[in-house]
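Only a predicted model underlies this, so the values are computations on that prediction, with no experimental measurement involved.
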Amino acid sequence: MSLLFSRASLASLGLALGLSALCLSPSMAQETAPAPAAPADAAAPAAAPVDPNTVIATVNGQPLTEADLVLAEGELSQQFAQLPPEQRRAAALSAAIEIRVMAAQAVTTGLDKDPDFQRRMAFLQQRALHGEMVEKGVVDKVTDAEVRARYDQEIANTPPVNEVHARHILVKTKEEADAIIKQLDGGADFQKLANEHTSDPSGKSNGGDLGWFGPGQMVPEFDKAAFALDVGKYTEQPVQSQFGWHVIKLEDKRAKQPPAFDEVKDQAKQAVIRDKYFALVKSLRAGAKVEIPDAKLKKAVDTLESAK
């Protein structure tokens, strides 16, 4: 999903990147010996879910709950990625405490009244609300039926494409290729000639077999020649490419099958989300009074908007 859709917070935007808990993590990792693995037949039962209102710690008399800790773990997940799993909870709690005491000190010294800070806080709040709106107003409302319909639409709108199964013999000179074609004209076996003469390492033991491929997967000269052949035929003239001279034989051709729904359903869902998001933005922009006095800037913004 686009970064535009991501949810933001003070911590995830880098205000706590220098947390001492993370600075200490290398030594923690070295000094903590891994616990021995429990036997498979003695696995501990899954822990019961923790009430999000459970108080994990208090900071200057203010409770820090399980929900607060989960939020800290999520927002700082990238910073904790290098820590062993058993240390991440403690690191998240240390970070949450550190954020709170630093934030309290910032308020004490009046940093929260700084105009630049207040502007940034307003923007971050708006961005967070934007993320909530996308999550609750767009993503959560996408149905399985809509995703399937989008897949069916894409398949229906995709022109049928053939793919071919071909073999080739690659040599350095046109004279060598001409000699091979002459042998083929005399009834020689293509696969045997490929094993004997091709300079393509992957084709020396399989008769030059390239398997199935679709348009555009080979260099243009090869692609054009292969798709022009009838099944069972080989090129009557050598085909030159950046790799040398090819003699190509077409083994078979077939209609390329579209990807199965399960293979691309995530992409189909993202397409539905994108369309719904831009439709929502368009409707909200239409009802908003937006004025941009700078004509040049307005034109640039209008151009961007029209391309969405």
Side-chain angles (χ1 to χ4, degrees), residues 1-2 144-275 278 303-304 306-308:
M1 187 179 293
S2 165
D144 292 341
E146 288 175 317
V147 175
R148 181 70 201 209
R150 181 55 180 260
Y151 166 82
D152 292 339
Q153 175 190 339
E154 293 292 337
I155 296 301
N157 292 341
T158 302
V161 174
N162 283 332
E163 57 182 357
V164 298
H165 177 198
R167 298 178 184 272
H168 82 138
I169 302 171
L170 176 64
V171 291
K172 293 182 179 180
T173 68
K174 183 176 184 297
E175 289 73 22
E176 290 176 279
D178 284 331
I180 288 170
I181 292 173
K182 188 174 181 179
Q183 292 183 66
L184 290 171
D185 291 342
D189 182 74
F190 191 98
Q191 295 186 43
K192 183 178 179 181
L193 290 177
N195 289 339
E196 292 175 354
H197 299 287
T198 189
S199 60
D200 179 359
S202 64
K204 281 189 171 295
S205 60
N206 66 0
D209 193 358
L210 295 169
W212 290 94
F213 56 90
Q217 290 183 245
M218 300 295 180
V219 291
E221 304 88 351
F222 190 104
D223 191 85
K224 182 179 179 181
F227 277 88
L229 287 170
D230 293 326
V231 174
K233 300 297 183 180
Y234 54 84
T235 49
E236 297 179 355
Q237 298 295 326
V239 177
Q240 186 180 19
S241 78
Q242 66 198 65
F243 301 104
W245 293 87
H246 306 264
V247 180
I248 307 167
K249 181 184 178 183
L250 186 66
E251 294 287 352
D252 202 358
K253 65 172 59 177
R254 67 187 181 189
K256 186 176 182 180
Q257 295 300 306
F261 173 67
D262 286 342
E263 294 177 9
V264 294
K265 64 181 179 181
D266 289 341
Q267 294 95 309
K269 183 175 182 179
Q270 290 303 315
V272 174
I273 290 171
R274 183 183 64 244
D275 290 348
F278 284 123
T303 299
L304 287 174
S306 64
K308 293 180 180 178

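Between V147 and K265 the shortest heavy-atom distance is CG1-O, 3.7 Å. Heavy atoms only, all atoms of each residue included: V247 and A177 are closest at CG2-O, 3.9 Å. Across all their heavy atoms, N162 and P215 have their closest contact at O-CD, 3.3 Å. Across every non-hydrogen atom of I180 and H197, the tightest pair is CD1-CB, 3.9 Å. When all heavy atoms of E163 and F227 are compared, the pair lying nearest together is CA-CE2, 4.3 Å.
Residues H165 and D209 meet the side-chain proximity criterion, which asks for heavy atoms closer than 4.5 Å.
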Check the pair H246, S241 against side chain to side chain donor-acceptor pair (under 3.5 Å), reporting the backbone distance first and the verdict last. CA-CA 8 Å; H246 306 264; S241 78; 2.6 Å; yes
inquiry  = The test is salt bridge (charged side-chain N to carboxylate O under 4.0 Å, His left out); show your working for E146 and R150 and say whether it passes.
reply    = CA-CA 6 Å; E146 288 175 317; R150 181 55 180 260; over 6 Å; no
- Could you walk me through whether D152 and R148 pass salt bridge (charged side-chain N to carboxylate O under 4.0 Å, His left out), step by step? CA-CA 6 Å; D152 292 339; R148 181 70 201 209; 3.3 Å; yes
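Checked by atom type and distance alone, the side chain of D230 never pairs as donor or acceptor with a backbone atom of K233 at under 3.5 Å.
Separating the CZ atom in R167 from the CG atom in N206 is a distance of 6.5 Å, to the nearest 0.5 Å. Here CH2 of W245 is found 10.5 Å from CD of E221. Values are rounded to the nearest 0.5 Å.
When only modelled atom types and interatomic distance are considered, Y234 and D185 share a side-chain donor-acceptor pair under 3.5 Å.
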